[in-house]
Amino acid sequence: MRPPTIRDVAERAGVSKSLVSLVLRGSGPVGPEKREAVLRAVRELGYRPNAAARSLSEQRTRTVGVLLDDLRNPWFVDLLDGLNSPLHTAGLHMLLADARLNRRIGHDLAEPFVDLGVDGLVLVGTVPDPGELGALARRMPVVVAGAREPLLPGVDVVAGDDERGARLATEHLLGLGHRRIAHLAGHGAVGALRRRGFEEAMRAHGAEPLTEPGDLTEEGGYRGTVRLLSRPDRPTAIFAVNDMASVGALSAAGELGLRVPHDLSVVGYDNTSISRLRHLWLTTVDTAPHEIGRRAARCLLDRFERPGAEGRLRLAAPALEIRGTTGPPPGLTGLTD
């Protein structure tokens with residue numbers, strides 16, 4: 001039995017072959033009903049594009065390089081899932097690399113992707129060298145996902161609204177009655193924006209912001225929390241720059257004999273799978289990583305069609321996920337029981 005062809009898909013969907021091609025490439029104006037009809041026909045027929053033939057005819061490898069700032073970060077898993085789906089629908093395959101590992105062994109971060117002739121590049125997380133990124137963008141379509149680096153010519157940036165998310169977290173704690181709130185801060189542009197949102201929300205409510213430097217890791221969150229809780233005027237709540245730092249904060253509180261949330265409230269950021277573990281059940285900010293990944297893929301596909309377009313910044317709206325690690329400060333707890 002011969003494999004299904006693009007003509008078979010077009011006949012099953014009741015559309016032209018050219019429209020099927022547009023849907024599979026993820027480009028061009030296609031109505032939602034016709035797009036769904038094509039995708040349904042693809043599924044029903046089990047159609048798979050001939051990647052080798054397409055690469056030869058289009059002079060493309062049908063691959064996209066994805067450079068992760070740190071493969072250990074669980075937030076990237078949901079982003080990659082959102083990124084992969086539109087790329088797969090367009091007949092593209094992802095090639096992954098860990099920037100942290102490449103830096104440690106002294107390898108050029110993106111050169112292997114260039115050597116492999118990828119059609120485009122998605123950088124996930126903090127960009128190590130904006131100058132190098134600009135040079136790459138002159139050679140291929142480039143999109144940055146999940147970071148807030150300065151806009152460069154020809155580079156799209158898709159990220160969460162970090163200032164807004166930090167304000168949501170801080171205002172939640174202020175609304176519970178907390179005034180001594182500390183922020184376990186991070187580094188880079190994202191860390192700076194989350195710190196700014198925290199400080200602005202605190203000052204808007206007449207509260208003095210307290211910031212403790214951190215490094216986005218569990219160990220950094222642990223050390224910073226130990227320092228904060230050793231203060232004579234220790235905070236009653238901690239807002240951490242990400243979920244990993246929050247785990248460190250929870251560990252430090254437990255070792256010091258403090259109960260969460262009765263003695264200390266903790267809020268994280270990113271809504272990773274870690275935050276949803278039942279024994280943690282962490283209040284956190286959902287940054288919509290799946291949506292960020294999907295939008296990043298859409299930007300890359302658009303850039304294939306418009307390679308000379310200006311760089312754009314697209315922000316996904318955050319939302320607060322209230323779980324079990326936040327409550328009123330100790331002085332107010334009795335009043336609410």
Side-chain angles (χ1 to χ4, degrees), residues 70 72-76 100 162 165-188 190-199 201-202 207-287 320-334:
D70 188 345
R72 300 170 300 177
N73 190 329
W75 184 79
F76 292 150
R100 178 189 61 88
D162 295 293
R167 286 196 299 269
L168 287 175
T170 308
E171 289 168 356
H172 168 62
L173 293 170
L174 289 164
L176 290 170
H178 294 275
R179 286 301 178 270
R180 295 200 309 275
I181 305 172
H183 176 47
L184 287 170
H187 52 73
V190 167
L193 288 167
R194 293 178 186 178
R195 175 174 179 168
R196 185 189 305 169
F198 161 74
E199 293 177 344
M202 290 288 286
E208 186 63 28
L210 171 62
T211 302
E212 181 69 29
D215 60 3
L216 307 174
T217 67
E218 180 183 354
E219 179 62 25
Y222 174 86
R223 292 195 304 267
T225 301
V226 168
R227 289 192 294 268
L228 287 168
L229 297 181
S230 299
R231 296 169 57 99
D233 58 341
R234 73 186 186 196
T236 62
I238 291 177
F239 162 46
V241 68
N242 65 359
D243 289 347
M244 293 298 292
S246 294
V247 173
L250 293 171
S251 297
E255 288 186 10
L256 293 173
L258 298 180
R259 298 171 300 165
V260 176
H262 302 287
D263 302 315
L264 178 73
S265 287
V266 177
V267 179
Y269 206 108
D270 288 338
N271 195 28
T272 62
S273 57
I274 291 174
S275 71
R276 299 188 291 273
L277 294 175
R278 290 290 174 176
H279 70 284
L280 295 181
W281 208 233
L282 176 69
T283 296
T284 184
V285 177
D286 185 353
T287 55
L320 185 67
E321 292 288 340
I322 300 174
R323 298 193 178 105
T325 58
T326 52
L332 297 180
T333 303

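One is the number of the first residue; the rest follow in order along the sequence.
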Problem set entry | Counterpart residues, side chain to side chain contact (heavy atoms under 4.5 Å, CB included), relative to Leu256 (two or more places apart) | Leu229
Exercise. How would you list, by chain and number, every residue that makes a side chain to side chain contact (heavy atoms under 4.5 Å, CB included) with Arg276, sequence neighbours excluded?
Worked result: Asp78, Asn271, Ser273, Trp281, Arg323
For this session: Give every residue pair that meets the salt bridge (charged side-chain N to carboxylate O under 4.0 Å, His left out) criterion with at least one member in residues 222-232, sequence neighbours excluded.
Result: Glu212-Arg227, Asp215-Arg223, Glu219-Arg223, Arg231-Asp233
Exercise. How about Thr326 and His172: does a side-chain donor come under 3.5 Å of a side-chain acceptor?
Worked result: yes
Exercise. Looking at side-chain heavy atoms only, is the closest gap between Thr287 and Asp270 below 4.5 Å?
Worked result: yes
Seminar exercise, completed: Those residues at least two apart in sequence (or on a different chain) that pass salt bridge (Lys or Arg N to Asp or Glu O under 4.0 Å) with Arg196 are Glu163
Problem set entry | side-chain hydrogen bond (donor to acceptor under 3.5 Å, both in side chains) partners for Asp243, two or more places apart | Thr272, Thr284
Exercise. What ring pair (Phe, Tyr, Trp, His ring centres under 6.0 Å) pairs are there with at least one residue in residues 231-256, not counting sequence neighbours?
Worked result: His183-Phe239
Exercise. Which residues satisfy the salt bridge (Lys or Arg N to Asp or Glu O under 4.0 Å) test with Arg195, sequence neighbours excluded?
Worked result: Glu199
Seminar exercise, completed: The ring-ring contact (aromatic ring centres under 6.0 Å, His included) partners of Phe76 (sequence neighbours excluded) come to none
Exercise. Is Asn242 reaching over with its side chain to a backbone N or O of Leu216, donor-acceptor style, under 3.5 angstrom?
Worked result: yes
For this session: Could I get the full list of side-chain hydrogen bond (donor to acceptor under 3.5 Å, both in side chains) partners for Ser246, not counting sequence neighbours?
Result: none
For this session: Check whether any side-chain heavy atom of Met244 lies under 4.5 Å from a side-chain heavy atom of Pro74, and answer yes or no.
Result: yes
For this session: Please answer whether the main-chain N or O of Leu174 pairs with a side-chain N or O of Arg179 as donor and acceptor at a distance below 3.5 Å.
Result: yes
Exercise. Of all residues at least two apart in sequence or in a different chain, which pass the side chain to side chain contact (heavy atoms under 4.5 Å, CB included) check with Leu250?
Worked result: Val260, Val266, Leu280, Leu282, Thr325
For this session: State, yes or no, whether a side-chain contact exists between Leu210 and Arg180 at a heavy-atom distance under 4.5 Å.
Result: no
Exercise. Less than 4.5 Å apart, any side-chain heavy atom of Leu258 and any of Arg234?
Worked result: yes
Exercise. What salt bridge (charged side-chain N to carboxylate O under 4.0 Å, His left out) pairs are there with at least one residue in residues 251-260, not counting sequence neighbours?
Worked result: Arg259-Asp263
Problem set entry | Residues which pass side chain to side chain contact (heavy atoms under 4.5 Å, CB included) with Glu171, listed by chain and number, not counting sequence neighbours | Arg167, Ala201, His205
